[in-house]
Amino acid sequence: MKRILIVGAGGQIGSELTAHLRGIYGNDNVVATDVRECKFLSEQGPFAVLNALDPHAYGYTVNKYKIDTIFNLVALLSAVGEKDPQLAWNINMGALMNSLDIARQYGCALFTPSSIGAFGLSSPKVKTPQDTLMRPNTIYGVCKVTGELLSDYYHSKYGVDTRSVRFPGIISNVTLPGGGTTDYAVEIFYDAVKSGRFTCPVPGDVYMDMMYMPDALDACVRLMEADPSKLVHRNSFNIASMSFTPEIIRAEIRKHLPDFEMDYKVDPVKENIARSWPDSMDDSCAREEWGWAPTWNLETMTADMLEKVKAKHEKGLF
Ligand code: AKB
C-alpha cells in the first residue's frame with residue numbers, strides 16, 4: 001500500500017484511520033474523502049469531497065491521485081438503518097458496488113469492513129466460528145453478508161484483492177459513532193465524565209464483542225499488509241479482543257469513578273439487534289492467517305478512555 005484512498009473518512013473509524021495511515025505511509029500518500037468538507041482531515045494532507053455513490057467522481061479521484069488501495073468506510077449503521085432500510089441498502093451497497101468496480105478497473109486493493117452484525121439469531125452465540133450460519137435480521141446485517149459474498153466474488157472472478165474484518169463495536173475518543181447498537185459503550189464514558197450518570201439503551205445482561213480503536217487500526221494495516229498467499233479467508237475475518245455487558249462496563253468504570261450511576265431506558269430496536277448478535281467471536285483464523293493479536297482489554301481500555309475523555313472535557317470540548 002503506497003497510495004491510499006479513504007472513502008467516508010469523516011466518521012468514527014475514518015477520522016482516526018486517516019491519521020494512523022498518514023503516520024505510517026506519509027501524509028501525501030493518504031487521500032481522505034468524505035461527502036462533506038472535513039477541516040481536520042484537509043489540514044493534515046490531501047482531501048477531496050466525494051460522494052461514493054457517484055461512480056464518475058469516484059473513478060476520477062482514484063485516477064487523479066494514482067491510488068492503489070481503497071478503504072471503503074461508507075455505511076449507515078445498524079440501529080439507524082432500521083429506520084429507513086431502503087436508504088441503508090442504497091448507501092451501503094451503492095458505495096460497495098462502486099468501490100468493487102473501481103478497484104477492478106484501476107487495479108486497487110480494497111478493504112471494506114464487515115461487522116458482528118453479519119451474524120443473526122441462528123448463528124452460534126458464544127465463540128461464533130469464522131465459517132457458520134449467517135442469517136442476520138437487520139438491513140445492516142443483510143448488507144454486510146451480501147458485501148462479504150460480493151467481495152469474495154470479485155476476488156475469485158476478477159482477481160480483485162478484497163480483504164475485510166468483522167468489526168466488533170469500536171470504542172474511541174476522537175469522533176463519536178452514530179446510529180449503531182454498540183454506541184452505548186462510547187457514550188457511557190462521555191456521560192460518566194460529564195455528569196457521573198448514564199442512561200443505557202441496551203439491557204444490562206447483553207454481551208457484545210467490543211474493541212478499542214488502536215487495535216482496530218492495527219487490524220486494518222496488518223490485514224492489508226498480509227502476505228496474500230497466507231490468506232485462506234478474505235471476506236471477512238472475525239476479530240475479537242473483549243466482550244462485556246453494560247453491567248460489566250459499569251462496574252469497571254466505577255473502579256475509577258466510585259459515584260458513577262447508571263440506569264436503563266431500553267430501546268426495543270437496539271435490544272432486538274443486540275440480542276441477535278454474538279456474545280463473542282472466535283478469531284483464530286485471523287490469528288493464524290495474518291497474525292491478528294489485540295493488545296487492549298477491558299481494564300486497560302477503560303483506564304485509557306477515562307483519561308482521554310477527561311482531558312477533552314477539561315479543554316471544554318464537550
Ligand atoms: C453498530 O452497532 O451498528 C456497529 C457495528 C457493530 O457494526 N458499531
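In each ligand, atom 1 is the first atom listed, and ligand 1 is the first ligand listed. We count residues from 1, following the sequence as given.
Here the protein heavy atom with the shortest distance to atom 8 (N) of ligand 1 is T182 OG1, 2.9 Å. Here the heavy atom of the protein found nearest to atom 2 (O) of ligand 1 is T181 N, 2.7 Å. With respect to atom 3 (O) of ligand 1, the closest heavy atom belonging to the protein is S78 OG, 2.6 Å.
Close contacts between ligand 1 and W277 involve ligand atoms 1 (C), 2 (O), 3 (O), 6 (C) [criterion: under 4.0 Å to a heavy atom]. Counting the atoms of ligand 1 from 1 in the order shown, those under 4.0 Å from a heavy atom of S115 are 5 (C), 6 (C), 7 (O). The contact set between ligand 1 and L77, taken as ligand atoms under 4.0 Å from a residue heavy atom, comprises 3 (O).
Under the side chain to side chain donor-acceptor pair (under 3.5 Å) test applied with H233, the options Q130, R163, E288, E289 reduce to a single match, E289.
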Chi angles and distances behind the salt bridge (charged side-chain N to carboxylate O under 4.0 Å, His left out) call for E43, K39: CA-CA 6 Å; E43 277 167 354; K39 212 158 177 277; 3.2 Å; yes

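Criterion: ILVMFWY side-chain heavy atoms under 4.5 Å apart, direct or through other members. Under it, V62 and I4 are not part of a common hydrophobic cluster. Using a 4.5 Å cut-off between side-chain heavy atoms of Ile, Leu, Val, Met, Phe, Trp and Tyr, with links allowed through other members, F198 and M301 fall into the same hydrophobic cluster.
Shown here is R254, whose CZ atom has more than 12 heavy atoms of other residues, nucleotides or ligands within 6.0 Å.
Proximity of I116 to ligand 1, defined as any heavy-atom pair under 4.0 Å, is confined to the side chain (atoms from C-beta onward).
Judged by distance alone, the side chains of S114 and E148 do bring a donor and an acceptor atom under 3.5 Å apart.
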